[in-house]
Amino acid sequence: AIWKLMSPLRDAQLGAFTFFASALPHDVCGSNGLPLTPNSIKILGRFQILKTMSHPRLCQYVDISRGKHERLIVVAEHYESNLSDFQKQGKAVSPEKVLQVAYEVLEGLEFMNKHGLVHRALGAHNVLMDCKGNVKLAKFGLYHMTDHGADVDFPIGYPAYLAPEVIAQGCFHPSDSSHDEAPLPSGPKTDVWSLGVLLFELCAGRRLLQNIDISDRLKFILNLGCMDDIVTVLAEEHGCLDTIKDLPPNVLGLLRKCLLFLPSKRLTPAELLRDPIFSGISCLYTSFLKPVSLFSSSLRCAHLELPEDISDLCKEDYLSERAIDEVYHLWCLAGGDLEKELINKGIIQSKPPICTLPNFVLEDGESFGQGRDRSFLLDDTTVTLSLCQLRNRLKDVAGEAYYPLLEDEQSSLPQSNSSNELSATVTLPLIIRERDTEYQLNRIVLFDRLLKAYPYKKNLVWKEARVDIPPLVRGLAWAALLGIEGDIQSRYESIDKDTPIPTDRQIEVDIPRCHQYDELLSSPQGHIKFRRVLKAWVVSHPDLVYWQGLDSLCAPFLYLNFNNEALAYACMSAFIPKYLYNFFLKDNSHVIQEYLTVFSQMIAFHDPELSNHLNEIGFIPDLYAIPWFLTMFTHVFPLHKIFHLWDTLLLGNSSFPFCIGVAILQQLRDRLLANGFNECILLFSDLPEIDIERCVRESISLFCWSPKSATYRQHAQPPKATTDNGFGKTPTYYSSEYQDMPKTDLSREPLALSDLKTEVSPRISAEDLIDLCELSSAGPAKRTRAGKPKIIAVDIRPVDDFSRGHISGSVNVPFSSAFSPDGELLQCPTSGILHNYKGCVIVVISHAMKTATMFAAHLVKVAFPRVCILDGGINKLKPTGLLTVPSPQI
């Protein structure tokens with residue numbers, strides 16, 4: 001939720017490097033009986049937090065990709081220049097530059113230490129220099145993401161730069177059974193020793209310990225413990241004693257403070273940074289401003305600076321001003337392939353098949369074969385990803401697209417603010433739009449501006465979300481649609497997520513089964529975050545309980561906000577009351593039963609033929625729809641489909657899920673109509689592939705045809721008091737929530753569940769009928785299209801009663817002409833005038849609800865769609881003065 005954690009690309013490049021995680025045995029399971037989590041998955045989960053580490057002295061991490069055979073590819077900010085360039089020149093660096101480099105490296109290390117990180121892989125080629133000559137530390141997260149080296153078979157760090165205490169621990173390989181315990185993790189002081197070696201090399205103008213054997217090199221470092229002045233010993237060993245002696249006292253003192261053999265005497269980066277040695281060094285950046293959270297109580301403002309050269313403002317390289325994660329996302333859309341880039345540079349090499357044969361294992365367990373070549377476990381080379389293809393793809397994009405102007409909020413909703421040139425793309429399927437580079441650039445830039453102005457531009461966020469939501473900003477866009485505001489981090493931190501509660505056991509059982517095909521959610525870090533967010537929700541809602549399915553509801557929010565548990569929790573806490581109010585009560589049977597009954601009525605309303613068939617074979621919603629609605633379809637669809645489904649769901653009210661359910665049934669309509677009970681049970685036990693885009697499209701159509709009050713539930717969320725907070729009212733989808741409308745004498749009355757279950761067709765309120773028929777005291781109802789109206793009122797009272805007063809435009813089909821007094825069918829009422837109105841919304845009006853229910857049920861039985869009943873009958877309309885009397889015949 002911290003907006004724009006990623007810094008702009010500017011003069012940086014994108015770089016990629018690769019390494020292998022250590023492989024696990026295939027026949028070993030964990031304590032829970034499940035297969036062990038691959039080390040590459042563990043690394044992928046730990047990596048995510050590194051993307052939030054943004055500092056002027058650190059290279060920004062962007063992404064990690066998992067390939068075959070435990071291969072991992074890391075993408076990060078990159079620069080071609082590094083400290084090795086000074087060593088290649090073969091001459092010493094000026095003392096001033098040495099102090100400046102030391103200060104900037106320590107700034108980066110101090111920031112890392114505050115966040116619990118240690119570099120451990122500090123080396124000359126990992127201290128990069130940007131275009132202004134400032135330090136950028138690279139590969140600083142390798143030690144953290146590999147769990148201090150426990151998940152890889154190669155050592156983290158370089159022997160020439162490793163501190164003595166690290167070398168004394170020896171080399172540890174997880175696959176080596178002779179080691180019982182891993183060495184203790186390195187602390188911040190190990191990086192200070194590595195920095196000392198780096199600075200010594202800069203001062204001497206040469207590399208240290210490069211011309212001796214590795215074992216002799218390690219022995220030499222360990223023997224330094226007997227020396228009082230390590231700097232002098234190193235200078236004598238490398239023949240640069242005179243050069244070192246000529247250094248200024250402050251530089252020589254810095255080297256000696258870094259190269260202290262005993263860690264207890266060595267300073268930490270934070271302590272060394274405040275040493276008087278650096279009193280003459282000024283910080284090149286005034287102050288590092290931590291990005292302000294989009295959802296907090298703090299004021300947000302832009303930190304604007306004019307460049308030293310004002311002509312820089314006129315540069316037309318607009319792409320370099322975008323965030324580095326945006327550039328990488330667009331690079332992938334433009335055809336970027338990480339493995340292909342590494343193969344082209346020779347980093348990934350394919351061997352002949354005979355060299356890659358697996359080991360041959362005998363019955364007694366003895367294996368023969370070639371082991372993995374350890375030289376390929378880590379290739380320290382960073383490959384620069386070329387942006388030429390992306391720039392060529394975007395060369396025709398106008399500069400205005402990078403700085404869109406926001407139109408007036410009162411403009412027509414269906415129209416997007418995107419460039420007119422992309423109007424044709426908007427009509428393409430969503431999956432194509434999400435892979436279109438130019439289109440995504442425009443959408444990302446637009447949402448970037450809108451979300452920065454949230455909640456002031458909340459209405460425009462809604463407006464643009466109705467077109468589509470760019471995948472890159474989906475997490476923040478969902479939070480805006482759910483109305484998340486305030487200091488969510490403080491609220492989340494105030495919840496006790498550590499004290500054991502009875503629900504812990506069930507959560508532990510459910511998490512390893514929830515969307516575990518996804519690499520992120522299946523990682524140990526994913527499980528930890530799952531547990532914390534779910535437990536926070538349970539603890540903060542004491543009136544509700546944990547039901548199986550809550551983990552599935554949490555999954556989309558956690559995936560999109562993996563590095564912000566507070567936002568995932570806030571979104572989940574806002575989503576559940578809106579769509580699943582009281583679903584998680586300890587006794588939720590009355591809520592579920594009412595929900596399923598209304599769903600049955602919606603099936604009958606939209607597809608009476610299918611409803612009749614399902615009722616005849618006894619395939620009721622209780623048998624298949626509870627997981628649908630309890631998890632809002634997250635239990636039955638994979639995450640990539642849920643994202644597209646919820647993009648639309650979040651724009652609708654609590655009745656929209658009914659339309660999604662009907663749309664799913666209609667996609668399976670032919671198979672359902674052709675099968676009996678047993679076949680339908682088997683069909684839903686392994687739900688066939690559902691076209692989500694078609695489902696969304698049809699759901700919207702069904703929603704538009706459904707009267708607001710038709711889905712009224714007395715157990716839905718009660719109306720909220722509307723307050724104007726200065727930002728206007730939150731817009732809704734095609735219609736407002738009926739539950740939130742003020743209750744009047746024309747509103748729909750609550751109905752007992754037992755009575756509700758006896759009615760096949762839904763009821764609608766009198767105010768809904770007045771609104772749909774566009775009734776007013778000024779004249780008759782207006783027709784919505786030429787010829788057949790969209791809605792027709794069918795008055796089944798006797799002719800005499802009808803003539804005394806009726807709704808203008810309604811038709812009279814007396815109940816007595818079709819049914820006997822005891823309810824026996826005499827003549828099908830659809831054989832006459834009603835046949836012309838098939839397909840319209842038919843509202844049955846009577847003076848008695850029993851006759852209206854019976855009449856509507858018969859219409860459904862003969863496959864008349866969109867049949868509903870006026871709640872309260874004609875008596876509801878009598879006080880309105882809207883009933884008309886036909887003019888007397890002259």
Side-chain angles (χ1 to χ4, degrees), residues 466 578-579 581 594-611 614 621 625 628-629 632-633 645 648-667 669 694-717 731-741 746-748 751 756 759-774 784-785 788-794 837-845 852-853 856-857 859-860 863-871:
R466 289 189 48 185
K578 181 177 180 181
Y579 297 99
Y581 185 74
E594 183 192 36
Y595 203 97
L596 296 177
T597 303
V598 174
F599 179 54
S600 296
Q601 292 181 348
M602 292 304 294
I603 300 172
F605 181 84
H606 291 291
D607 197 336
E609 183 182 1
L610 180 60
S611 174
L614 296 179
W628 289 7
F629 300 122
M632 278 300 126
F633 308 98
L645 188 65
T648 302
L649 174 68
L650 291 173
L651 296 168
N653 57 39
S654 63
S655 64
F656 194 77
F658 293 123
C659 301
I660 296 175
V662 175
I664 294 173
L665 291 178
Q666 288 187 332
Q667 280 201 38
R669 189 176 192 275
R694 175 187 165 191
C695 178
V696 169
R697 186 171 59 250
E698 293 178 353
S699 298
I700 295 173
S701 176
L702 295 170
F703 191 81
C704 293
W705 276 103
S706 304
K708 299 175 188 177
S709 56
T711 54
Y712 167 78
R713 295 180 296 116
Q714 58 177 318
H715 294 298
Q717 186 179 21
T732 53
Y733 205 45
Y734 291 95
S735 63
S736 60
E737 179 75 78
Y738 181 76
Q739 307 290 149
D740 292 339
M741 301 176 70
L746 301 179
S747 300
R748 185 172 163 181
L751 192 64
L756 185 67
E759 299 184 1
V760 177
S761 297
R763 297 187 181 193
I764 70 168
S765 65
E767 58 192 357
D768 223 353
L769 177 65
I770 294 171
D771 180 56
L772 291 171
C773 292
E774 301 181 8
T784 57
R785 65 175 76 156
K788 185 187 294 186
K790 183 177 180 179
I791 184 170
I792 185 69
V794 179
Y837 295 105
K838 189 172 185 179
C840 303
V841 175
I842 297 176
V843 184
V844 179
I845 303 175
T853 301
L859 293 182
V860 172
F864 255 67
R866 300 171 183 149
V867 178
C868 52
I869 307 166
L870 177 62
D871 183 56

Rounded to the nearest 0.5 angstrom, the SG-CD1 distance for Cys868 and Ile842 is 9.0 Å
Contacts of Arg866 meeting side chain to side chain donor-acceptor pair (under 3.5 Å) (sequence neighbours excluded), chain-then-number -> none
| With under 30° as parallel and over 60° as perpendicular, where do the rings of Phe658 and Phe599 fit, or are they tilted in between? | parallel
Taking every heavy atom of Pro657 against every heavy atom of Ser654, the minimum-distance pair comes out as CD-O, 3.2 Å
Contacts satisfying salt bridge (charged side-chain N to carboxylate O under 4.0 Å, His left out) that involve residues 596-607 (not counting sequence neighbours) are Asp607-Arg669
For the side chain of Thr711 and the backbone of Ser655, is there at least one donor-acceptor N/O pair under 3.5 Å apart? no
In this structure, CD1 of Ile700 is separated from SG of Cys659 (nearest 0.5 Å) by 10.0 Å
Decide side chain to side chain contact (heavy atoms under 4.5 Å, CB included) for Ile660 and Cys695; before the verdict, give the C-alpha distance in whole Å, the side-chain angles of both, and the deciding distance to 0.1 Å. CA-CA 7 Å; Ile660 296 175; Cys695 178; 4.1 Å; yes
Does any N or O in the side chain of Gln714 come within less than 3.5 Å of the main-chain N or O of Leu751, such that one atom is a donor and the other an acceptor? yes
Value for CG (Asp768) from CG (Leu772), rounded to nearest 0.5 Å, stands at 5.0 Å
Smallest heavy-atom separation, Tyr579 atom then Leu649 atom, equals OH-O, 2.6 Å
Between Ser709 (side chain) and Tyr712 (backbone), is there a donor-acceptor pair under 3.5 Å? no
Check your understanding: Under the side chain to side chain contact (heavy atoms under 4.5 Å, CB included) criterion, do Val794 and Tyr837 qualify, and how do the steps go?
Key -> CA-CA 10 Å; Val794 179; Tyr837 295 105; over 6 Å; no
Mutual orientation of the aromatic rings belonging to Tyr595 and Phe629 [parallel < 30°, tilted 30-60°, perpendicular > 60°]: tilted
* Evaluate the criterion side chain to side chain contact (heavy atoms under 4.5 Å, CB included) for residue pair Ile764 and Ile869; output intermediate values, then yes/no. => CA-CA 6 Å; Ile764 70 168; Ile869 307 166; over 6 Å; no
Across all chains, not counting sequence neighbours, the side chain to side chain donor-acceptor pair (under 3.5 Å) partners of Gln666 are none
Sorted by chain and number, sequence neighbours left out, side chain to side chain donor-acceptor pair (under 3.5 Å) with Arg694 holds for Glu698
On a heavy-atom basis, the closest approach of Ser699 and Ala663 is OG-CB, 3.5 Å
**Message:** I want to check something: taking the side chain as every heavy atom from C-beta on, are Pro865 and His606 in contact at a cut-off of under 4.5 Å?
**Reply:** no
Review point. Backbone N or O of Arg713 within a donor-acceptor pair of the Glu594 side chain at under 3.5 Å?
Key: no
Sequence neighbours excluded, the answer for side chain to side chain contact (heavy atoms under 4.5 Å, CB included) partners of Ser611 is Ile603, Ala604, Asn615
Applying side chain to side chain donor-acceptor pair (under 3.5 Å) to His715 and not counting sequence neighbours gives none
query = Is it true that a side-chain atom of Asp871 and a backbone atom of Arg748 form a donor plus acceptor pair closer than 3.5 Å?
reply = no
Quiz item: Is there a donor in the side chain of Ser747 and an acceptor in the side chain of Glu767, or the other way round, less than 3.5 Å apart?
Solution: yes
